[in-house]
Peer 1: 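Here it is, the structure in full.
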Amino acid sequence: MIDIKFLRENPDVVRASQKGRGENVELVDQILAIDEKKRAAVTEFEALRQEQNALSKSVGAAKGDEKTALLENAKALADKVKAADSKRAEVEEQTKQLVLQLSNLLDTEAPIGGEEDFVTIEHVGTPRDFGKDGFEPRDHVELGKLLGAIDTERGAKVAGSRSYYLTGVGALLEFALVNYAIQSALKNGFTPVIPPVLVNPAAMEGTGFLGQAAENVYRIEKDDVYLVGTSEVPLAAMHMDETLPADKLPLRYAGYSSCFRREAGTYGKDTRGIIRVHQFDKVEMFTFCKPEDAKAEHARLLQWEKDFLIAMEIPFRVIDVASGDLGSSATRKFDIEAWIPTQGAYREVTSTSNCTEFQARRLNIRYKDSEGTKALATLNGTLVAIPRMIVAILENHQNADGTVNVPAALQPFLGVKKFELA
RNA sequence: GGAGGAUUCGCAUAGCGGCCGAGUGCGCACGCUUGGAAAGCGUGUAUAGGGCAACCUAUCGAGGGUUCAAAUCCCUCAUCCUCCGCCA
């Protein structure tokens, strides 16, 4: 949620941001207009209320005829107050609904444009030359079968498309990745968290996932709860309606959870394998910090993501996501894309967003220092999303015979240097 | 799933339909006292919105209702506790 005071004072900045995202610019003027109406309604209600409070007091003190006369006045006034109050409530609700439609202000450094207009910040590592190695790489589905690690056929039989079983070394690989991720998160000062994945509407709404992203969310209607698509939701909502002491900041959580995504509107996209699935496990980093520290924290989250990829010995690139492709909460977003040999392309494996005060304001999370209470900033970043990391590891580290070398960083967790054929 | 009880200012509690935005204790901050500390004494101690300000308005789990007037009465919901049932 954008600060309404900021919008009043800097409407041009908000207009420019909306334009950069390719979103409704007129919304800004609609909000300015209704905000004025709202303040008038509030003032009117408060004036009437003040009168009523005073009158009520005198009714209590009065006696006899005097009281009867005062009561009559008071009754008439009570109706006016009620009318003014419902008008106020109505305009306030309308204002809020409009303000909630605004996306976060764009970072001025974020590239402008659509999905294709990202800026590549750097490349790390070099894609392997399989020609030089003398064999044609197998894709992760094939390797998963050879190793007895991934079973998409039975996944489909039991749970439908985009479902899978991780078996044997596939399952072990998940445990190793999670353990390595949590271990590095601990080293970097994160508190490990296993959050609820079934959350109430307030949590979903507050984190901004019931807006444009709503159709990708599973809802359990009978109990009015949602399955989260990322632990960002329960981690952000963890401190909903709380005021945190300034000396506790930054607060860093590493959440490990299953993630559920309907993947509506992606028919035909990534149908093979486990690149795009309905359910997967992920370790997510989440930070609450002072707004002035958010930019530096964003750089740190990105660095930790890079460190993970480097430890997995996978070539990747970092992109600065363009304005039109940012989530509504993000002021700026960096994605890391890993090299996937059989696709001859870089594919997204992690993503980190700076949400500045936008998300915290929606969730009513603030911090308190000697100067008072203020909105704080929230940031999130993927440490590891299991299936895509498994894809990257299997494909990049495969040998001609279908066996796969285990990155050194994972060897202590797996006890082997190589995955053998099943 | 059933039966009871609870939810008030950081914590613990008091609260008669008007004198309650709300008392007390603890905690915390500042001051006095002291050679220094403790104790003692005094003052202060929520959030949001509006106003240059004095100040005004709202908030006693949430939402409705009754009333001139609701922390207080009524209804719905949420959460927590106790007991019973079921259960990984």
Peer 1: Hey, does A:Thr243 reach any base, or is it just sugar-phosphate, or nothing, if we go heavy atoms under 4.0 Å?
Peer 2: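 No contact.
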Peer 1: Sort me out a list of protein N/O and nucleotides 56-60 of chain B N/O pairs below 3.5 Å, or just none if empty.
Peer 2:
from  : atom 1 : to      : atom 2 : distance (Å)
B:C56 : O2'    : A:Gln50 : OE1    : 3.3
B:U57 : OP1    : A:Asn53 : ND2    : 3.3
B:A58 : OP1    : A:Arg49 : NE     : 2.7

Peer 1: Taking only residues two or more places apart in sequence or in another chain, which ones pass side chain to side chain donor-acceptor pair (under 3.5 Å) with A:Asp293?
Peer 2: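 Residues passing side chain to side chain donor-acceptor pair (under 3.5 Å) with A:Asp293: none at all.
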Peer 1: Heavy atoms from C-beta onward define the side chain here; which of B:U66, B:A48, B:C68 lies closest to that of A:Lys82?
Peer 2: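 Taking heavy atoms from C-beta onward, the closest nucleotide is B:U66.
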Peer 1: Do A:Asp151 and A:Lys145 sit within salt-bridge range, that is, some charged N less than 4.0 Å from a carboxylate O?
Peer 2: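 Not counted as a salt bridge, because no side-chain N and carboxylate O are separated by less than 4.0 Å.
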Peer 1: Salt-bridged, A:Asp35 to A:Arg39, with N to O below 4.0 Å?
Peer 2: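 Salt bridge between A:Asp35 and A:Arg39, a charged N being under 4.0 Å from a carboxylate O: yes.
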Peer 1: Among B:U66, B:G49, B:A46, which nucleotide has an atom closest to any side-chain atom of A:Lys368?
Peer 2: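 The answer is B:A46.
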Peer 1: Can you name the side chain to side chain donor-acceptor pair (under 3.5 Å) partners of A:Asp281, sequence neighbours left out?
Peer 2: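 Once residues adjacent in sequence are excluded, the partners of A:Asp281 under the side chain to side chain donor-acceptor pair (under 3.5 Å) criterion are A:Ser258.
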Peer 1: So what does A:Arg361 touch, heavy atoms closer than 4.0 Å: a base, only the sugar-phosphate, or nothing?
Peer 2: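 Nothing, no nucleic acid heavy atom in range.
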Peer 1: Both A:Lys75 and A:Lys5 contact RNA chain B. Which one's nearest nucleotide lies toward the 5' end?
Peer 2: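 It is A:Lys5 whose nearest nucleotide is closer to the 5' end.
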Peer 1: Using the ring centroid of each side chain, check whether A:His397 and A:Phe419 are separated by less than 6.0 Å.
Peer 2: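 No, too far apart.
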Peer 1: Hey, would you say the A:His239 and A:Tyr253 ring centroids sit under 6.0 Å apart?
Peer 2: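 For A:His239 and A:Tyr253, the ring centres are under 6.0 Å apart.
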Peer 1: Using a 4.0 Å heavy-atom cut-off, does A:Gln52 contact any base of the nucleic acid, only the sugar-phosphate backbone, or nothing at all?
Peer 2: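 Sugar-phosphate: the residue A:Gln52, judged by heavy atoms under 4.0 Å, touches backbone atoms but no base.
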Peer 1: On the nucleotide B:G49, are OP1 or OP2 found under 4.0 Å from the side-chain N or O atoms that A:Arg88 carries?
Peer 2: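 So the side-chain polar atoms of A:Arg88 never come under 4.0 Å of the phosphate oxygens OP1 or OP2 of B:G49.
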